[in-house]
Amino acid sequence: MLDPSLIIPLINYNSQELLEDKQEVFLEPINMIDFSVEFSLSGLKKIVREIRKKQYDDWGWFCLAQHADELSLTHGFSELLCVEHLAEHWKHAGVIAYPHQIKTAERVLKELRGQAILADEVGLGKTIEAGMILKEYLLRSLVKRVLILTPASLCWQWYQELYEKFKIQPAIQRSEWDWEHADILIASIDTAKREPHAGIIRKIPYDMLIIAEAHKLKSNTTASWKLVNSLQKKYCLMLTATPIQNDLKELYNLITVLKPGQLGSYRAFKTKFIVDKRTPKNPDELKELLSGVLIRNRRGEGTVQFTARHVHPIVVELSPKERQLYDQITKLIRSASQLAPFQKNILPLITLQREVCSSFYATGLTLEKMYKKYNLGEESTVVKLMEEALKVQTNSKCDLLEKLVTKIDDKLIIFTEYRASQEYIRFRLEKLGIQTMGFDGSLSRGRKQWIKYMFQREGQILVSTESGGEGLNFQFCNQIINYDLPWNPMRLEQRIGRVHRLGQTRDVHIYNLITKNTIEEHIMYLLHQKINMFKMVLGELDAILLHLKIDKSFEGQLMDIFLKYEEQEQIRDQLEKLGEKILKGRSSVEELNWNVY
Amino acid sequence: MSAVSDLVFRFFELCTMKPIEIRRGIFQIQITDELAKELDGWRAKGGLFQFTFDKKLAETYGAELISSGSYRLDSIIQVIQKQAIISSGSVSHDIFYEPVIRRKLIEKLSLYQPGFRWYVLDHKCKFGPYFWFTLRLTYLAYEKKEEVRKVLVDLSSGKVVSHEIPAELIEQGAPTDQEIYKRKLSFKQAYRCVQKELTNELQYANSGWAKTANETLMEEQQRLEDYFKDSPESAERNQRITELMERARPRVQIRPLRGAFLYLPKFDYRMMQVGQSEKVKQIIYDPVSNQWDFLENMA
């Protein structure tokens, strides 16, 4: 047994000691010709404290500690420490550090000296690179206080990436208190730029600042740019796949906030390097300058080859009774959109229209909620439809799903948008004697991890909602069934991204269940046939939608089309136009693949 | 045995645990909950831990690899480093053969003061108080390099002794107060002596690393100055310069990591000096540094 007196537990530290340990204090530096010498006062105090206690430790421990001191020394940046340090952990977590990521981390440490824009093409693992660099600095005790600014929706994902892949324990900012008390903090950039938060963080000297989705700092007139520019930062990493979206000035702004003076003044930069906002002058010289601050890895040789995606659209024919109900509900939605409560907020109708393709069980429950919320009379159509929806005994989609599931002899994930559909699917499959696991947003972090672990070990089918799978990776599985289709292609891509990502070694099979002659069929046409999104590289669609500025309004645009046009041909025409717009955006993004980095 | 495996086995030994070699090169040990928490944080639980120092064996048998830079080694090192901030030890007189010391001392004194003859009246075995600092020197600029220095300060004279005492000669604990010469330096004064000694040493050491760092620093500073030439006193310019200095200024940071009171043997001779008259003198001989001195000089 371990003698407790021999080990100093952490809890024996009192708060004063912890405070002193946190901030190392040095005596007045002694200046030499080329360098200065600083003697630590904190280290001295620590020893004095122990002397005063008069508790002399065992000589064996003392000698061993001296030995440990020798072994813990760092010897420059000759090699990455984190690769060896995390090797065992990565083996269990299924993380593979790719050569381009290791090379990037080494370059940032050795050549770029901790100030870099990580501008890899999407899907090459910028977050992993940032995590490696951060871990490296932490292991070398060069960094203690870290601030990670991300869009709010990515905070949790960053937390998981750092915790699960790098054993870094960050905190997510929740209150003003957190700014000053957490050593490694993840925060939403939108929160950070607002007062009183901005005022607090401007006073904190950060050892490292990491900005995710840094293209949001493209304009130096925005509050985000001003905030980041005003922060005290020793090292800084900016992550973006698109350092320039429309204008070379964006690149200038981004680099200036990171390393002022790297590109000189804007006037000088403009004269020397800009023909017009999309055409660079002296690209070789600019490239040279950028290489001192920006690293961009591209797909292809030397980086990562992704496995193929195979898309299997499966058409479901509705039974006459289901068809009748579908038509009635669609009609109801069209008429309801003219009513006062829905003119301001169309979201409940969008949900209903989407659910009707998923399951009547889910639709019935939503109708019930609408009935309660809007105080609709007992005789209203909603009530009648609600009753009918709940009475539907057959479900053609689920019947087909059962057949499909029995054919696939591998682990598979069934995605649905709705909890009600999830429950229904599980009920049907369990009834067939097929064991399933449920995964949704209501589960705690620990439980999610446990289910993921169980699914990897012995599970066969995971029925998940999108929010359930957010931020979790299932590379060990290569089959997914989209029981229903989200209207936003980004969400569809996120579903696929759970399995089709770095670390996936097999081709990925995507089965899309599409109900014939419904909105789903139109959406499938748009996404699969028109823009061929399933074949796009990971993150490409994101870049296109962002470029077209329709990333958030996509569902609204679809709903507008479905409400405005009743005829199938008209709807198809409109979707065709939207598809053309996306395709145009795609070529425009490709054009903007500037040849300067 | 490599430095890593030596450290790991000694660690378990001091925790009164003994790993069992279940297969050549593969070891197993039952980790207690208490130790698991120390190693892996408060959530960790004890259990059977299988490890090896060989990469191939780790891959073949799935044992955890403990190698230089590995997480497991780092976690063990961290636990060890929290221990033994202060300790005390002494070196016994028995390792020196007193009659030889006595003979050599008389010979030296005869050479030192040729007109006199010397006789030993009696002698006492006493201990000189020393403080043994373990310091980490960090050479910091864009990169960071570290080294460990062990410095011994004589607490009765303030002298910094450069020679290293072999650890195997040192025994745990301190002698009685009567056996120890009174110390004249406070602990802080001793630290000042270390400061002085190391600063002198660094002044004449190779500073190529700092010169290179300064060149790069100058370049970056110039770039910043050019950028801020229209607002040379602006807060932003000052902030950027401060950040640059923080990141790149060459400096050596010296941190005491741990220390030990060390009691080294001294032979205290009462001697008769015989010349035209007779005088009793007290001479202290330090066998570690092979130096002797008269007590009055030492005072």
Side-chain angles (χ1 to χ4, degrees), chain A residues 1-4 6-9 26 29-30 32-40 43-44 46-48 50-51 56-77 81 84-89 113-114 140 142 167 232-235 260-262 264-265, chain B residues 3 7 10-11 14-16 32 34-35 38 64-65 69-71 74 77 80-89 134 136 142-148 167 170 172 187 191 195 199 202-203 207 210-211 214 223-224 226-227 239-240 243 246-247 250-260:
Chain A
M1 280 292 288
L2 176 68
D3 179 357
L6 297 180
I7 295 271
I8 304 163
F26 288 94
I30 302 160
M32 306 267 180
I33 300 167
D34 295 310
F35 59 92
S36 59
V37 182
E38 297 168 1
F39 283 87
S40 165
L44 180 72
K46 200 171 159 188
I47 295 177
V48 172
E50 293 295 316
I51 291 175
Y56 297 107
D57 296 301
D58 180 81
W59 189 255
W61 276 110
F62 184 81
C63 292
L64 190 64
Q66 280 189 327
H67 188 176
D69 291 338
E70 300 266 5
L71 280 175
S72 68
L73 299 178
T74 49
H75 305 282
F77 289 143
L81 301 177
E84 192 68 35
H85 182 87
L86 293 168
E88 201 70 29
H89 178 66
R113 302 182 192 107
R140 290 163 193 272
L142 282 167
K167 285 191 164 190
Q232 302 176 52
K233 49 201 178 289
K234 198 159 92 176
Y235 305 110
Q262 176 73 11
S265 66
Chain B
L7 180 106
R10 275 171 63 197
F11 169 69
L14 285 167
C15 293
T16 60
T32 59
E34 201 180 6
L35 183 57
E38 288 297 329
E64 190 168 342
L65 177 71
S70 69
Y71 166 76
D74 287 353
I77 285 177
I80 295 171
Q81 283 184 313
K82 275 193 280 174
Q83 318 303 314
I85 300 299
I86 186 84
S87 187
S88 71
T134 306
R136 186 169 58 214
Y142 285 112
E143 289 202 11
K144 178 183 177 183
K145 283 178 187 163
E146 292 174 322
E147 66 175 64
V148 164
I170 302 167
Q172 163 101 36
F187 175 71
Y191 189 55
Q195 274 178 265
T199 312
L202 286 167
Q203 203 163 5
S207 60
K211 284 194 174 81
N214 272 324
R223 197 179 287 158
L224 277 178
D226 288 346
Y227 181 75
Q239 188 179 315
R240 297 283 167 257
E243 285 166 9
E246 189 58 34
R247 194 166 54 238
R251 56 207 185 270
V252 182
Q253 292 183 333
I254 300 171
R255 291 177 185 81
L257 299 175
R258 61 197 80 252

Exercise. Contact part of B/D226 toward chain A, heavy-atom cut-off under 4.5 Å: side chain, backbone, both or neither?
Worked result: neither
Problem set entry | Side chain / backbone / both / neither for B/Q239 at chain A, heavy atoms under 4.5 Å | side chain
Problem set entry | CD on A/Q262 to CG on B/L224, rounded to 0.5 Å | 10.0 Å
Exercise. Do you know which of A/L81, A/I51, A/I30, A/I33 has the most heavy-atom pairs with chain B at a distance under 4.5 angstrom?
Worked result: A/I51
For this session: Examine distances only and state if a side-chain atom of B/E143 and a backbone atom of A/F77 form a donor-acceptor pair shorter than 3.5 Å.
Result: yes
For this session: Could you walk me through whether B/N214 and A/F35 pass side chain to side chain contact (heavy atoms under 4.5 Å, CB included), step by step?
Result: CA-CA 9 Å; B/N214 272 324; A/F35 59 92; 5.9 Å; no
For this session: Mind checking the CZ-NZ spacing from B/R247 to A/K234? Nearest 0.5 Å is all I need.
Result: 9.5 Å
Problem set entry | Chi angles and distances behind the side chain to side chain contact (heavy atoms under 4.5 Å, CB included) call for A/V37, B/Q253 | CA-CA 6 Å; A/V37 182; B/Q253 292 183 333; over 6 Å; no
Exercise. With no hydrogens and no angle check, do the side chains of A/S72 and B/Q81 hold a donor and an acceptor under 3.5 Å apart?
Worked result: yes
Exercise. Which atoms form the tightest heavy-atom contact between B/R255 and A/S40, and what is the distance?
Worked result: CG-CB, 3.7 Å
Seminar exercise, completed: On a heavy-atom basis, the closest approach of B/A84 and A/A65 is CB-CB, 4.5 Å
Exercise. Of the listed residues (A/A68, A/G264, A/P29, A/G114), which shares the most heavy-atom pairs with chain B below a 4.5 Å separation?
Worked result: A/A68
Exercise. Quick one: what part of A/E70 sits under 4.5 Å from any heavy atom of chain B, side chain, backbone, both or neither?
Worked result: both
For this session: Report yes or no: is the cationic atom of A/R113 (NZ for Lys, CZ for Arg) closer than 6.0 Å to the six-membered ring centre of B/Y142, at no more than 45° off its axis?
Result: yes
For this session: May I ask you to decide if A/W59's main-chain N or O and B/Q172's side chain share a donor-acceptor pair within less than 3.5 Å?
Result: yes
For this session: Please test B/L257 against A/K46 for side chain to side chain contact (heavy atoms under 4.5 Å, CB included), starting from the C-alpha separation and ending with a verdict.
Result: CA-CA 9 Å; B/L257 299 175; A/K46 200 171 159 188; over 6 Å; no
Exercise. Taking only residues two or more places apart in sequence, or in another chain, which ones meet A/D34 in a salt bridge (Lys or Arg N to Asp or Glu O under 4.0 Å)?
Worked result: B/K211
Exercise. Which bit of A/K233 is near chain B, if near means a heavy-atom gap under 4.5 Å: side chain, backbone, both or neither?
Worked result: both
Exercise. Does B/S87 reach the main-chain N or O of A/D57 with its side chain, forming a donor-acceptor pair under 3.5 Å?
Worked result: yes
Problem set entry | Residues B/R258 and A/D69 bridged, charged N to O under 4.0 Å | yes
Problem set entry | Derivation and outcome, side-chain hydrogen bond (donor to acceptor under 3.5 Å, both in side chains), residues A/E84 and B/S70 | CA-CA 5 Å; A/E84 192 68 35; B/S70 69; 5.9 Å; no
Exercise. Quick one: salt bridge (Lys or Arg N to Asp or Glu O under 4.0 Å) partners of B/D74, sequence neighbours excluded?
Worked result: none
Problem set entry | Portion of B/R10 that has a non-hydrogen atom of chain A nearer than 4.5 angstrom | both
Problem set entry | Stepwise side chain to side chain contact (heavy atoms under 4.5 Å, CB included) test for A/F62 and B/T134 | CA-CA 10 Å; A/F62 184 81; B/T134 306; 4.2 Å; yes
For this session: Could you have a look at A/G60, A/G43, A/P260, A/C63 and say which one has the most heavy-atom pairs with chain B under 4.5 angstrom?
Result: A/P260
